[in-house]
Amino acid sequence: MKGANASTPAGFILLGFSDHPHLEMLLLLVVSIIYILTLMGNTAIILLSYFNPKLHTPMYFFLSNLSFLDLCFTTSVVPQMLWNLKGPDKTISYTGCVIQLYVALGLGSTECVLLTVMAYDRFSAICRPLHYGVIMHPKLLQQLAALAWISGFVESTVQTILVFQLPLCSHHMVDDFTCEEPALIKIACVDTTFLENELSIASVLYVVIPLGLILASYGCIVRSVLRIKSTEGRRKAFGTCGSHLIVVVLFFGTIISVYIQPKSKYTQNYSKFLTLFYTVVTPSLNPLIYTLRNKEAKWALRRLVGRDSS
């Protein structure tokens, strides 16, 4: 291993797929298109949730928070990624890397908590329908949203400080598209056991526990739905939860694969595709999933498009 650089580095080199220039050209085109769709889709969800009175519900309150989060998340990562994909310059400044890691970690942790809150909302709606309006009152909605955002960025503050206190190797080559924490830990020139253990604890708090709570909520939901005698009632109940469950599987599946995996060349290349998926693809799919699987959202979108056309 090369020697450590005691001074603050001027910047980092994000390798990505720099050894496959033809693949980079293809990714530049694909990522650009998906990024535009992400901006349009999530902005549409926010506007629909705000301007349509029929969508002033707890579910769409949290969904608009999720859409705003996805807008911020992709914008914190994708522009730098596109810049690196378009040419030989793969550098990112030290300050830019710190900001990117801080924002991406904060928003990623926030999404873990927010998806858990959304599962609680679905649990309350289906398992306690008569008390739903009392339970999910406006003040509680604001408190739950604030909890998600604050806890996410508290976690990000701790992780970012710990990572950038490490002495880094002089080459400063990050083997990823973004300033991901696992990739930055790999270029440290000291024993990183403590930080890796701390990352494992954080993964339990922000990935394992939220996922466990989500699964427990859906266990109760399934049990309640199976008690419904009407087939139409069951279909409607499962339909209201299907979109959220798909998003949970996509998001947590890729997060677990990126942060919990063996260290090898094969898995590192595989991890880069997973990084692309959860930073670029997943935020673009969320509006599509919620819109296509929800009649209220489709109705509001058609009404908005029809009004614009007329």
Side-chain angles (χ1 to χ4, degrees), residues 1-20 24 73 76-85 87-110 112 151-208 254-276 278-279:
M1 182 177 289
K2 296 183 181 180
N5 186 0
S7 61
T8 300
F12 297 91
I13 300 174
L14 301 175
L15 296 178
F17 287 111
S18 55
D19 52 343
H20 300 288
E24 286 192 324
F73 184 73
S76 71
V77 173
V78 173
Q80 179 68 46
M81 183 186 298
L82 293 175
W83 174 263
N84 292 342
L85 287 172
D89 184 10
K90 311 294 181 185
T91 60
I92 182 173
S93 67
Y94 179 83
T95 302
C97 190
V98 173
I99 294 174
Q100 188 181 81
L101 177 65
Y102 174 73
V103 174
L105 271 179
L107 294 173
S109 301
T110 299
C112 292
S151 62
F153 278 93
V154 167
E155 149 69 4
S156 176
T157 300
V158 174
Q159 293 291 333
T160 303
I161 291 174
L162 290 176
V163 168
F164 285 99
Q165 283 182 340
L166 294 173
L168 303 176
C169 295
S170 57
H171 59 76
H172 300 149
M173 294 183 180
V174 180
D175 193 15
D176 213 325
F177 287 100
T178 65
C179 291
E180 284 277 4
E181 185 175 2
L184 289 169
I185 291 176
K186 290 180 181 179
I187 65 172
C189 288
V190 293
D191 183 19
T192 58
T193 302
F194 170 77
L195 187 55
E196 290 175 354
N197 291 336
E198 198 277 335
L199 179 59
S200 299
I201 295 173
S203 298
V204 171
L205 292 176
Y206 284 87
V207 178
V208 177
T254 50
I255 287 292
I256 291 173
S257 299
V258 169
Y259 283 86
I260 306 173
Q261 60 179 330
K263 296 180 179 179
S264 68
K265 183 177 180 180
Y266 171 77
T267 53
Q268 178 58 27
N269 290 331
Y270 179 64
S271 177
K272 293 177 185 178
F273 282 107
L274 290 175
T275 299
L276 275 175
Y278 85 82
T279 57

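Scope of the values below: all heavy atoms of this structure, side chains included, with no hydrogens, waters or symmetry mates. Here, residue 1 is the first one in the sequence, and each next residue gets the next number.
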Do [X] and [Y] come within less than 4.5 Å of each other through their side chains, counting heavy atoms only?
X	Y	answer
Leu199	Ile185	yes
Glu155	Leu205	no
Val78	Thr279	no
Glu181	Leu101	yes

By disulfide (SG to SG under 2.5 Å), which residues pair with Cys179, not counting sequence neighbours?
Cys97

List the residues meeting ring-ring contact (aromatic ring centres under 6.0 Å, His included) with Phe177, not counting sequence neighbours, and say none if there are none.
Phe17

With Tyr278, which residues qualify under ring-ring contact (aromatic ring centres under 6.0 Å, His included), at least two apart?
none

Side-chain donor or acceptor of [X] paired with backbone N/O of [Y] under 3.5 Å:
X	Y	value
Ser76	Gln100	no
Ser93	Gly96	yes
Thr160	Ser156	yes
Tyr206	Ser151	yes

Drop me the distance from [X]'s [atom1] to [Y]'s [atom2], to the nearest 0.5 angstrom.
X	Y	atom1	atom2	value
Asn84	Thr178	CG	OG1	10.0 Å
Trp83	Ile92	CH2	CD1	12.5 Å
Asn197	Phe194	CG	CZ	8.5 Å
Leu14	Glu180	CG	CD	10.5 Å
Leu105	Phe73	CG	CZ	9.0 Å
Asp176	Leu274	CG	CG	10.0 Å

Partners meeting side-chain contact (heavy atoms from CB on, under 4.5 Å) with Leu15 (sequence neighbours left out)
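Applying side-chain contact (heavy atoms from CB on, under 4.5 Å) to Leu15 gives Ile13, Ser18, Met173, Asp175.
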
Residues that Ser200 engages under side-chain contact (heavy atoms from CB on, under 4.5 Å), provided they are two or more places apart:
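Scan of Ser200 (side-chain contact (heavy atoms from CB on, under 4.5 Å), adjacent residues dropped) gives none.
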
If every non-hydrogen atom of Ala202 is compared with every non-hydrogen atom of Gln159, which pair is closest and at what distance?
CB-NE2, 3.4 Å

Closest non-hydrogen atom pair between Thr110 and Gly152, with its separation
OG1-CA, 3.5 Å

Taking only residues at least two apart or on different chains, which pairs with a member in residues 89-99 satisfy salt bridge (Lys or Arg N to Asp or Glu O under 4.0 Å)?
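Counting only pairs at least two positions apart or across chains, the salt bridge (Lys or Arg N to Asp or Glu O under 4.0 Å) contacts touching residues 89-99 are Glu24-Lys90.
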
